[in-house]
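Report on one structure; see the data block that follows.
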Amino acid sequence: DTAVSQTPKYLVTQMGNDKSIKCEQNLGHDTMYWYKQDSKKFLKIMFSYNNKELIINETVPNRFSPKSPDKAHLNLHINSLELGDSAVYFCASSPDRASNSPLHFGNGTRLTVT
Amino acid sequence: GNSVTQMEGPVTLSEEAFLTINCTYTATGYPSLFWYVQYPGEGLQLLLKATKADDKGSNKGFEATYRKETTSFHLEKGSVQVSDSAVYFCALSRVRGGSQGNLIFGKGTKLSVKP
């Protein structure tokens, strides 16, 4: 069973479109995250939710809006896509916000904006 | 501010060679330190961690020691295998014992091991 699953795996779209990436975890974790990995493999946190509450909101354009309908799901919606949004987006989860247990990452969604 | 600097890659080694990937950090307070590994086409996985000075993290033959005096957390393995080919990330938590989601990652070092 996949612990953290995200869909789609690949997403190719044109500038100006709106798209969503979905993430689900079946680990029973309370905290979920979105990370962005650029073409040089640099990884940076975007958002974190704990029990459906937003707890980390890094400097990210307003075009990015996370939504957590329940603690097992954290979706990422992106409006008016730009070329610079092309990257691999990783969802992750951890047991809770203060835990030292390892993060569990999904396999990533490769977004290409043309 | 807090930051992590790790050696530029790619690193190419022959099987059974000794591996060192350097990582140094700048931090206020007492962060925890981590190494994550990313195999091709996959997400990151925790490889090892250390939560205080002089702690040694180890897993799968990899080791790293938290050196406060040199602000370093170098990753080592005595004999690498082809299956160790991956990208390795050094990371620190912003506060000691803080959520691992609030990590600062280095830029990653790609390791290729040839048979």
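Just so we're on the same page: letters track the sequence lines, and every chain starts at 1. Bear in mind the structure is a predicted one, so any value in this text is a computation, not a measurement.
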message = Please determine whether residues B:V113 and B:Y88 belong to a single hydrophobic cluster, defined as Ile, Leu, Val, Met, Phe, Trp and Tyr linked transitively by side-chain heavy-atom distances below 4.5 Å.
response = yes
query = Does A:L54 belong to the same Ile/Leu/Val/Met/Phe/Trp/Tyr cluster as A:W34, with side-chain heavy atoms less than 4.5 Å apart forming each link?
reply = yes
query = Out of curiosity, does A:V4 fall in the hydrophobic cluster containing A:M46 (side-chain heavy atoms, cut-off under 4.5 Å, transitive links)?
reply = no
key: Per-residue contacts, residues 60-85 of chain B versus chain A, heavy atoms under 4.5 Å   = none
message = I need the minimum non-hydrogen distance between B:L103 and A:Y35, along with the two atoms involved.
response = N-OH, 4.2 Å
ask   = Which region of A:Q6, side chain (C-beta onward) or backbone (N, CA, C, O), has a non-hydrogen atom less than 4.5 Å from a non-hydrogen atom of chain B, or is it both or neither?
value = neither
ask   = Pick from A:H104, A:K44, A:K41: which one has the most heavy-atom pairs with chain B under 4.5 Å?
value = A:K41
task = Work out which heavy atom in A:F90 is nearest to a heavy atom in B:Q38; give both atom names and the distance.
result = CZ-NE2, 3.1 Å
query = Do other residues, nucleotides or ligands put more than 12 heavy atoms under 6.0 Å from the CG atom of A:D70?
reply = yes
request  = Could you tell me which non-hydrogen atom of B:K107 sits nearest to which non-hydrogen atom of A:F42, and how far apart they are?
outcome  = CG-CD1, 3.7 Å
request  = Pick one of side chain, backbone, both or neither for A:K9, based on which atoms fall under 4.5 Å of a heavy atom in chain B.
outcome  = side chain
key: Heavy-atom closest pair, residues A:F105 and B:Y36   = CE1-CE2, 4.0 Å
inquiry  = Test of understanding: clusters of I, L, V, M, F, W, Y form through side-chain heavy atoms closer than 4.5 Å, transitively. Do A:L81 and A:V12 belong to the same one?
reply    = no
inquiry  = For B:E42 versus A:N107, what's the shortest heavy-atom pair and its separation?
reply    = CA-OD1, 3.7 Å
Side chain / backbone / both / neither for A:K40 at chain B, heavy atoms under 4.5 Å = backbone
query = Should B:L13 and B:M7 be regarded as members of a common hydrophobic cluster, given that ILVMFWY residues are connected when their side-chain heavy atoms come within less than 4.5 Å of each other, either directly or indirectly?
reply = yes
query = Crowded around B:F18 CZ? As in, over 12 foreign heavy atoms under 6.0 Å?
reply = yes
message = Is any side-chain heavy atom of A:Q37 closer than 4.5 Å to one of B:F89?
response = yes
message = For the NZ atom on A:K71, are there more than 12 heavy atoms of other groups (residues, nucleotides or ligands in this structure) within a distance under 6.0 Å?
response = yes
